[in-house]
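Read the structure below first, then the notes.
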Amino acid sequence: MKTVICFVVALTGVLSIDVKSLLDTTYTDRAGNNVTLADLSGKYIGLYFSASWCGNCRIYTPKLVKVYNKIHVEKNWQIIWVTEDHEEGPADQYFKEMPWIRLRWSEKGTRGKSMFKLSKQKYIPAMTMIG
């Protein structure tokens with residue numbers, strides 16, 4: 001299984017999508033606390049696209065959790081999970097396995113789709129780093 005990592009910083013000037021505006025929303029952590037883009041200021045951000053029904057995602061997510069737990073403080077790194085689930089219940093259950101923040105379910109079909117398009121990903125699981 002390969003995970004494609006794309007650096008989209010250079011794409012900001014090329015694409016008509018404003019990355020900062022796209023990311024400027026309220027996210028939630030596992031405890032239900034709100035996290036804003038201002039809270040993420042100065043951090044490297046990874047957009048993680050996956051779904052509860054995806055077998056490769058189920059294999060990859062625990063590995064990513066281990067890496068994240070080991071380096072996120074030292075490397076000033078935060079992951080935003082963007083679900084590709086079709087139903088909210090399974091997505092909520094799956095998110096309980098993740099230590100990072102998530103895009104709200106209500107924005108999955110709008111902002112989430114735009115994030116996936118911006119990242120130029122085609123398959124999940126996928127991680128796109130934004131520096």
Side-chain angles (χ1 to χ4, degrees):
M1 172 179 56
K2 294 182 179 179
T3 301
V4 179
I5 300 178
C6 297
F7 293 92
V8 295
V9 176
L11 296 176
T12 306
V14 176
L15 298 175
S16 60
I17 297 171
D18 178 13
V19 175
K20 184 177 179 186
S21 294
L22 185 60
L23 295 174
D24 194 9
T25 189
T26 302
Y27 304 94
T28 54
D29 64 16
R30 283 194 314 194
N33 299 312
N34 291 336
V35 179
T36 66
L37 184 59
D39 297 324
L40 303 176
S41 180
K43 294 185 182 234
Y44 293 100
I45 298 172
L47 299 176
Y48 178 47
F49 303 95
S50 69
S52 65
W53 51 262
C54 168
N56 286 336
C57 299
R58 289 293 195 165
I59 294 167
Y60 182 72
T61 298
K63 295 174 183 178
L64 184 58
V65 167
K66 286 180 184 176
V67 171
Y68 176 84
N69 286 336
K70 190 181 278 187
I71 69 168
H72 82 277
V73 173
E74 177 186 333
K75 301 296 183 184
N76 205 23
W77 181 41
Q78 181 58 269
I79 295 176
I80 299 169
W81 180 51
V82 182
T83 184
E84 293 294 318
D85 273 287
H86 305 296
E87 297 177 16
E88 189 173 7
D92 290 344
Q93 283 300 115
Y94 186 39
F95 181 61
K96 291 177 182 178
E97 302 171 22
M98 303 174 198
W100 42 75
I101 62 177
R102 75 185 286 188
L103 181 69
R104 292 177 187 222
W105 177 262
S106 62
E107 294 186 288
K108 168 194 172 319
T110 54
R111 194 175 300 265
K113 281 187 178 182
S114 294
M115 289 175 172
F116 195 73
K117 183 177 179 180
L118 173 69
S119 71
K120 298 190 177 203
Q121 302 289 358
K122 295 183 185 224
Y123 307 102
I124 58 173
M127 172 71 79
T128 299
M129 296 301 299
I130 301 174

Can you tell me how far [atom2] of [Y] sits from [atom1] of [X], rounded to the nearest 0.5 angstrom?
| X | Y | atom1 | atom2 | answer |
| --- | --- | --- | --- | --- |
| Arg111 | Leu103 | CZ | CG | 7.5 Å |
| Cys54 | Tyr123 | SG | OH | 13.0 Å |
| Leu22 | Glu107 | CG | CD | 9.5 Å |
| Cys57 | Leu64 | SG | CG | 11.0 Å |
| Ile79 | Ile101 | CD1 | CD1 | 10.0 Å |
| Leu37 | Lys20 | CG | NZ | 6.5 Å |

**Message:** Less than 3.5 Å apart, any donor N or O on the side chain of Thr36 or Asp39 sitting next to an acceptor on the other?
**Reply:** yes
**Prompt:** Judged by modelled atom types alone, do Gln121 and Thr128 share a side-chain donor-acceptor pair under 3.5 Å?
**Reply:** yes
Looking only at heavy atoms, which two atoms of [X] and [Y] are closest? And how far apart?
| X | Y | result |
| --- | --- | --- |
| Ser52 | Arg58 | O-NE, 3.0 Å |
| Ala51 | Asp85 | CA-OD2, 3.5 Å |
| Ala91 | Arg102 | CB-NH2, 4.0 Å |
| Gly46 | Trp77 | N-NE1, 3.8 Å |
| Glu84 | Phe116 | OE2-CD1, 4.0 Å |
| Val65 | Pro99 | CG2-CD, 3.6 Å |

Measure the shortest side-chain to side-chain distance between [X] and [Y] over non-hydrogen atoms and say whether it is less than 4.5 angstrom.
| X | Y | answer |
| --- | --- | --- |
| Asn34 | Thr28 | yes |
| Leu47 | Leu23 | yes |
| Trp100 | Ile80 | no |
| Arg104 | Thr25 | no |
| Gln78 | Tyr44 | no |

**Message:** Determine whether Leu40 and Ile45 satisfy the following criterion, side chain to side chain contact (heavy atoms under 4.5 Å, CB included), listing intermediate values before the conclusion.
**Reply:** CA-CA 8 Å; Leu40 303 176; Ile45 298 172; 4.1 Å; yes
**Asked** Taking the six-membered ring of Trp105, is the NZ or CZ of Lys108 close enough (under 6.0 Å from the centre) and on axis enough (within 45°)?
**Response** yes
**Request:** For this output row, return yes or no: ring centroids of Trp81 and Tyr94 closer than 6.0 angstrom.
**Result:** yes
**Message:** Under 4.0 Å between a side-chain nitrogen and a carboxylate oxygen: does that hold for Arg30 and Asp92?
**Reply:** no
**Item:** Neighbour count >12 (heavy atoms, 6.0 Å) for atom CD, Glu87
**Value:** no
**Request:** Using the side chain to side chain contact (heavy atoms under 4.5 Å, CB included) rule, take Met98 and Tyr68 through it: C-alpha gap first, then chi angles, then the decisive distance, then the call.
**Result:** CA-CA 10 Å; Met98 303 174 198; Tyr68 176 84; over 6 Å; no
**Message:** Using 30° and 60° as the class boundaries, would you call the ring planes of Tyr48 and Tyr60 parallel, tilted or perpendicular?
**Reply:** tilted
